[in-house]
Amino acid sequence: MERIRVIAFDADDTLWVNEPIFRGVEAEFLALLEKYADPATIRERLVAVERENIGVFGYGVKGFLLSLIETAAQVSQDRLSGADIQKVIALGKEMLASPVELLEGVEAVLENLCRDYSLMIITKGDLLDQESKIARSNLAPYFDKIEILSEKDEDAYGRVLSTHGVAPGEFMMVGNSLRSDVLPVVNLGGHAVHVPFATTWEHEQVAVSAMDQSLWLTLANLGELPPCLPQQRPCFAR
Ligand SMILES: [Mg+2]
């Protein structure tokens with residue numbers, strides 16, 4: 001077995017809190033539009049609009065904000081006022097300025113692992129927003145490389161690995177999303193660790209079989225990672 005030498009981390013809901021910020025804004029949005037439709041109807045529309053828009057705008061706050069405005073226009077049947085549009089835009093700006101709240105134990109784990117491994121961040125979303133969050137997290141010094149991608153699929157991971165001259169067997173990805181952090185990496189022959197977060201965005205949810213789950217390791221939190229690394233345990237020997 002090749003020795004793992006690069007460990008890459010997802011950022012949102014792996015290193016810091018993200019999904020609750022989206023959920024909080026979504027709740028404010030539903031309350032703002034209550035005069036036009038009931039919250040369940042608006043939410044259902046929003047999920048559908050987001051699904052259509054991901055391929056057009058990509059991931060991140062700006063695409064989400066455009067989906068909020070589009071949803072608002074639809075559910076209000078074009079009665080949406082300029083003042084309401086301003087309020088929706090203010091919600092998006094609020095998200096971009098949200099403080100970066102690190103998940104528990106993250107810094108200690110990075111400090112530990114950066115001594116023996118080359119660490120990377122591989123994230124997706126708005127370039128400026130992700131760069132700003134990385135800067136505000138104060139975690140950048142732990143990472144040798146940072147990649148902000150528009151999609152995290154097999155092709156994208158393959159490109160990142162070849163750019164950095166890393167063989168799949170030397171690579172481990174750690175993240176909260178089975179769809180973006182685990183499955184594409186396992187399919188490429190890399191190692192993956194799933195650290196689920198309390199809430200998962202609808203568009204990241206995938207169904208997996210019990211058999212598939214033997215291909216990666218699932219941990220309750222990032223703090224469980226260092227004692228599990230392959231020198232100590234055979235869990236990654238495939
Ligand atoms: Mg994530």
Side-chain angles (χ1 to χ4, degrees), residues 6-26 47 50-51 53-55 57-65 67 95-96 98-107 109-110 113 119-140 142-143 145-157 160 171-188 190-208 212-213 215-225:
V6 176
I7 302 179
F9 292 83
D10 165 56
D12 292 336
D13 297 321
T14 296
L15 300 178
W16 52 68
V17 173
N18 179 63
E19 191 58 24
I21 297 171
F22 278 76
R23 298 291 182 196
V25 162
E26 190 183 277
V47 171
E50 277 191 281
R51 182 172 299 123
N53 282 346
I54 285 169
F57 301 130
Y59 298 91
V61 174
K62 282 186 285 185
F64 177 62
L65 178 54
S67 293
M95 294 175 81
L96 292 167
S98 297
V100 176
E101 188 189 332
L102 296 186
L103 290 172
E104 204 185 330
V106 161
E107 193 148 16
V109 168
L110 297 177
L113 298 180
L119 304 187
M120 290 181 77
I121 287 179
I122 302 181
T123 182
K124 66 183 182 193
D126 292 322
L127 183 60
L128 181 62
D129 181 34
Q130 295 295 11
E131 285 175 344
S132 160
K133 285 192 287 189
I134 290 164
R136 285 180 287 142
S137 73
N138 294 319
L139 296 177
Y142 295 111
F143 297 98
K145 298 276 188 289
I146 293 171
E147 292 280 359
I148 301 168
L149 309 175
S150 52
E151 184 58 277
K152 285 161 71 175
D153 53 17
E154 275 175 58
D155 284 350
Y157 280 106
V160 167
F171 178 75
M172 177 191 286
M173 181 71 200
V174 182
N176 71 298
S177 169
L178 285 175
R179 180 177 165 273
S180 298
D181 303 318
V182 173
L183 297 176
V185 174
V186 166
N187 289 340
L188 282 176
H191 304 276
V193 177
H194 185 215
V195 187
F197 187 69
T199 39
T200 303
W201 185 33
E202 275 94 338
H203 303 291
E204 289 291 336
Q205 285 169 1
V206 285
V208 289
D212 290 340
Q213 288 178 44
L215 297 174
W216 61 86
L217 189 66
T218 302
L219 301 178
N221 60 67
L222 225 47
E224 293 181 355
L225 179 59

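Start at 1 and go down the list; that is how both ligands and their atoms are numbered.
- In this structure, Leu15 and Leu222 have side chains that are in contact, with non-hydrogen atoms separated by less than 4.5 Å.
- With a 4.5 Å cut-off on side-chain heavy atoms, Lys133 and Asp12 count as touching.
- Checked against side chain to side chain donor-acceptor pair (under 3.5 Å), Asp181 has the following partners two or more places apart in sequence or in another chain: Lys152.
- The Mg ion (ligand 1) has Asp10 OD2, Asp12 O, Asn176 OD1 as its protein N, O or S neighbours under 2.8 Å.
- The number of heavy-atom neighbours closer than 6.0 Å to CD of Glu154, taken from other residues, nucleotides and ligands shown, is above 12.
- Counting heavy atoms from C-beta outward, Lys124 and Ser180 have side chains that approach closer than 4.5 Å.
- Counting heavy atoms from C-beta outward, His191 and Trp216 have side chains that stay 4.5 Å or more apart.
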